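No experiment lies behind these values; they were computed from the predicted model shown. Convention: sequence-line order gives letters A, B, ...; per-chain numbering from 1.
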2 protein chains.
Amino acid sequence: MQLDKIVSYHKALADPTRIKMLILLADGELNGQVLAEKLSVTPATITHHAAKLRETSLINERRDKNTIYFSLNDYFIKNNANATVQLIYRSVKEGENMMDEKHILVKQSVIRNFFTTDGKLKSLPSQLKKKLIVLENIVAKLEYGRKYSEKEINDFIKQFHDDFATIRREFIMHQFMFRENEIYVMNPQEMWARWETLS
Amino acid sequence: MQLDKIVSYHKALADPTRIKMLILLADGELNGQVLAEKLSVTPATITHHAAKLRETSLINERRDKNTIYFSLNDYFIKNNANATVQLIYRSVKEGENMMDEKHILVKQSVIRNFFTTDGKLKSLPSQLKKKLIVLENIVAKLEYGRKYSEKEINDFIKQFHDDFATIRREFIMHQFMFRENEIYVMNPQEMWARWETLS
DNA sequence: TATCTAATTAGATATTTATTAAATTAAATA
DNA sequence: TATTTAATTTAATAAATATCTAATTAGATA
């Protein structure tokens, strides 16, 4: 029954250590030892919490040799443009009242670092959070509601970067756009959800 | 610190009795005795849970003589347009109650009208509410968590209707599924945020 | 093979919390 | 005033859970 899923979901987020884990992971993947160190708990405690977060699909895991790297589940980022995610993205280690301005500064800094002065994209950041800022900055220049052909999208992206195929794929993967029958449209939710999440 | 607020918020929603209370209150205000009766707990338990919901501003109270009526907090309604609230409201808007079977009849009626006896879709309803019922009924037959190629999705849909392209687009548009890089997956939220499946 | 490292499991403990019965409070009414 | 009704508080209990230490597992490497 879906009631249990709702309760499990909120239980997963109803613990300060787990929220802190998510905040740390929002900055990039980390393994158990490092999480334990940063949160001042033992690795066993991390295992315990990771299990809870995994059960509700909030994190992913990747194994490299005998180290397991945890990361935020993209789903979580995409579908939770609410206060919790805002906290996870803003709060972090800095002071709390600076968060709003701080985040805008971060965003401006990312844009400054990854775009040339005449608006071309130098390269796509590998860090998820920065990548989303870059993609958002590009997609925001599309006309909302308009349908684009694949060629139009390619031409549009080429204004910013030659590798239009990669960026077009990122739009779809991160749901900045939908594609159907070779026609591309912006995700309508994009207009507010993404902004809430990132700004 | 803001972290505590977030944790408290999720703790408040991390209990089945409290979620049920909110679902009941979404239908209109109720007093403690009635809530206790409907939820099969004692009034003392309602007092306990009401305190938790009040602490996180999820409910309001109104006194009339010596009866206290609880209701959902407007703030909660307006500022929590997330899956949990949507579920709480959806269940009410459809005249649905956890103990009530009326919504199942509505769904069965739609399914009877739009599907043939051997499970084929006659046509896609134009009315949104009915369309969602139909789409839900189809998508529920997919394996949760499995990744499907475009061809697999097409073949799957063709079991129900020839116009797989339209239906596939509807899946994406209404976010019953995600597509990433030619691979389709069910929206994980589907598991609990949308209507419960028939079967 | 033996050893090292990261992660998990098992067991124990302390804390939180959901629930109830019983006592108490607060307000209305006969 | 005495009674009734709804809600709360109190005290007790049971269940869940967060955390730790110690032991164990799984992989990689010397």
Problem set entry | Protein-nucleotide distance (K52(A), atom NZ; dA16(D), atom P), rounded to Å | 11 Å
For this session: Please list, chain by chain and in numerical order, all residues satisfying side chain to side chain donor-acceptor pair (under 3.5 Å) with S71(B), sequence neighbours excluded.
Result: none
Donor-acceptor contacts, no H, no angles, side chain residues 31-41 of chain A, under 3.5 Å, sequence neighbours left out:
from: N31(A); atom 1: OD1; to: V34(A); atom 2: N; distance (Å): 3.0

Problem set entry | All side chain to side chain contact (heavy atoms under 4.5 Å, CB included) counterparts of D155(B), not counting sequence neighbours | K151(B), K158(B)
Exercise. What is the pairing partner of dA30(D), taking Watson-Crick or G-U wobble pairs with both distances under 3.5 Å in any strand?
Worked result: dT1(C)
Exercise. With sequence neighbours left out, what residues match Q159(B) under side chain to side chain donor-acceptor pair (under 3.5 Å)?
Worked result: none
Exercise. For H49(A), what residues pass the side chain to side chain donor-acceptor pair (under 3.5 Å) criterion, not counting sequence neighbours?
Worked result: R18(A)
For this session: With sequence neighbours left out, write down each residue that passes side chain to side chain contact (heavy atoms under 4.5 Å, CB included) with S123(A), or none if nothing qualifies.
Result: F114(A)
For this session: Identify, between K65(A) and T45(A), the residue whose nearest nucleotide on DNA chain D lies closer to the 5' end.
Result: T45(A)
Exercise. Where along nucleotides 5-11 of chain D does protein come under 4.0 Å, by heavy atom, of base (B) or sugar-phosphate alone (S), with - for untouched nucleotides?
Worked result: BSSBB--
Problem set entry | side chain to side chain donor-acceptor pair (under 3.5 Å) partners for T166(A), two or more places apart | D163(A)
For this session: Shoot me the first and last contacting nucleotide of DNA chain C against chain B, ordered 5' to 3', at under 4.0 angstrom to non-hydrogen atoms.
Result: dT17(C) to dT29(C)
Problem set entry | Pair F164(B)-F156(B), side chain to side chain contact (heavy atoms under 4.5 Å, CB included): steps then yes or no | CA-CA 9 Å; F164(B) 57 85; F156(B) 169 80; over 6 Å; no
